[in-house]
Amino acid sequence: MKKLIALILSVLSLATCFAFSGCKAPTPQTLTFVAPDGAPALAIAQMIKENATFETGKTVNYKIVKPADIGAQMMTGSADIMIMPVNAASKLYKANTSDPYKMAGVVTHGNLYVLSKTPLTVNDLKDKVVGVISQGAVPDLTFRAVLNKTQIAYETSDTIVANKVAIKYYGDASNLVPALRTEEIEIGLLPEPAASKLQKLNTAYQYRLDVQQLYNGTTSAYPQAVLMIKSSVLSAHPEIVNNIVNWLVANATWIKTNTVDAVNAVSSAVVEGVTPSLSANDITSSVIDNCKIYWQPAYDAKEEVINYLADFRALAPQSAGAVADDFFIL
Amino acid sequence: MLKIENLTKKYGDKTVYENFNLEIEKDKITVILGESGSGKTTLLNVLAHLIDYQGTVSGIENDKISFVFWQNRLVDCLTVIKNLKLTNPTVTDEEIIKILTELGIGDTINLYPKSLSAGMQRRVAIARALLKKAPLVLMDEPFINLDLALKLRLINLIKDRQKNAPTTAIIVTHDIKEAVLIADRIIVLANGKIIYDDNNICDKTEDKLFDILSKR
Amino acid sequence: MKKVDKILNLILPVLTIACIFLVWGITAKSVDNPFILPSVREVAISCGALFKDKAFYLALLKTLLSSLIAFLISFALAFLTAYLTKKSAKAEVILRPIIAIIRALPTVAVVLMLYLWTTSDIAPVVVTMLVVYPTLYQNVKQALDTTDDYTLEMCKIFNVSKKDVLLKVQLPLAAPDLLSAIGSGLSLNLKLMVAAEVLSSTANCLGFMLNQSKIYYEQATLIALVVIVIAVGLIIDGAFNLLSKKAGKWKC
């Protein structure tokens, strides 16, 4: 019996050793570049396709993850470079205190639109029910920030509330789009490319309100997703920001005329087990225009970022961090 | 008269009774003796309509039967007094205390059955049957788990009650002495038949019964 | 029970919990990342913040109320069907495949389907009710079996009314097992309800708060909420165990 136990333990130990030897330890010659699936991933489509290495002499491993998993990449320090929602970045950038991340700039500037069958202005939303996705997340907080700016009262409700916007929440676009199609609800707040998908399914739905324009009448934008880079990477490669920026600027033009290649590139980098959300049929150049993908450096975007995060904190104190200068690459 | 006519009862392939007939005089104590498996308990269950059978039983009002079962069948979650009130809702606390005192367990009214000895539980079961004051009382080995002194006390109690308020009692027992002390009539059963029937109980009855039963 | 044993029975569970906290504390310190594993202190502070937040109490009340409603419906159904199947063998045969199907339903899939067919408030109640029902049915059936046929026969002979048989015999006999089952059922209900609320995006409830904590990377608050749910579950379980012991004092 003792011999049998010893044999079993030996086999298990050997198996464990083999298993661990098969693990790929991160090598110093690889940089990991992570972005969430959706519009932010399109911002690096050309880089993925052409395997950009930013003159670092290293291999860049591109990973597109589920939006819900992007925070974990920063929390664990798995990503060297990443694109992520600015509010999440504001909370997590110092998760690893010995090697914090810094914001290089803004990559996407908002992709939220209100669609309905009948024309309406933002004031017309009063006494109506609006379907909004992801309660507590960026779409919801941005929409409510807009309502606050325009001094329109709102309330969470499935039915009309007099003189207020009734907000009915749905889990995500895959729940709201069918509700709009079946007219369970008639007005919906949707991100691209879900918005254009709805329009394709039911052409009666038109883009009525540009949330970006409502948030900031001058720029028609807000700092939605930002480029974050580890401090250690910045120290090792001082020119990396400029090199990435060159690619981002080129990419913003490239994706408008290479939509199919862009989608394919993003899909090829999606991590195992995740279904790509973008489809070549849904991504047109007008959809890409609506995603507002363009580069804005940190020194230029600093005030907007601080204000945007403050708007979020006013709605939900835990939704964003109050960032200091150490957040930005200035 | 309580009549059993053409009673047939089988358990699977085993025939306990076949065209069995018996008449029992009312307001008398009839004791049924017999070896194990002779059908004594079956007879009581037939009279109480607790089992199916073929034949007729007449002279009994079905809701006016009292029974001392072979198992005590006390309700474990009820105290003694609540057990007795469950089956005799109109009886007063005083009557309950009186009969329990007569049975030597007057101080158990607020105890649960599991706190009582086997003999005490038996006496509660007997009290339950006696309190009902039913015209027909069936008793299956009523004095089991009781010592001799208590047995004699109970037998005298039942006989005194019988004098003051006669009821039809049918008692099943193995014990010849018990039978002789309490019975107005003794019937011995064997293989579903009556092999001895005596309603003149005297000093010699015990010897006769011993003789009959020892030859089985 | 010896005095030493009694003292040990009190001290040992406390020591076990203290060890859990110790391991947690050591692990949090070595990980040194509050977004991965917050420290015990951070979670305690979050608990304190929750207890001062009116929204937390409203959310707790909503979740508890939903759990109770789901449980009561489930229990009523379990009692009715268990009673029926005890009375009728045919009823048992008819119900058997239905209960087997309900038991085999994958919870997450049911939540997602119900979310499409009903509302985010109703879906968690229905799914919790469905998941708990088979266990409650079994428990109630076992509890009703505590009244044996001999006792029922005795009640028949002594003309005990059906009402008295149910209220004075069957229910009190079943009470200890039933109360224990109710405690476990309520505790399970609470856990399921919170999970279903998260999946259904139900508003203004504990599930919602857990979800919000997750999307805002408030790990300490998330763990604090989990600790509170565990504590509430333990309190419910403990309370009903005490009631069960009291109802079963006749067993000693």
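So that the names make sense, note that chain A is the first sequence line, chain B the second, and so on, each numbered from 1.
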C/Tyr137 and C/Tyr133 aromatic ring geometry - parallel, tilted or perpendicular at 30°/60° bounds: tilted
Mutual orientation of the aromatic rings belonging to B/His49 and B/Tyr53 [parallel < 30°, tilted 30-60°, perpendicular > 60°]: tilted
Cationic N near anionic O, under 4.0 Å, C/Lys62 to C/Glu197: no
Region of B/Phe69 that comes under 4.5 Å of a non-hydrogen atom in chain C: side chain
Test ring-ring contact (aromatic ring centres under 6.0 Å, His included) applied to C/Phe240 - qualifying residues, sequence neighbours left out: none
Choice from C/Ala247, C/Pro176, C/Pro172 maximising heavy atom contacts with chain B below 4.5 Å: C/Pro172
C/Lys156, part contacting chain B, at a heavy-atom distance under 4.5 Å: side chain
Chain C contact via B/Leu78 - which portion, at a heavy-atom distance below 4.5 Å: side chain
Contact leader toward chain C among B/Leu74, B/Val75, B/Ile65, B/Leu50, where contacts are heavy-atom pairs under 4.5 Å: B/Leu50
Salt bridge present between B/Glu102 and B/Arg123 (N-O < 4.0 angstrom): no
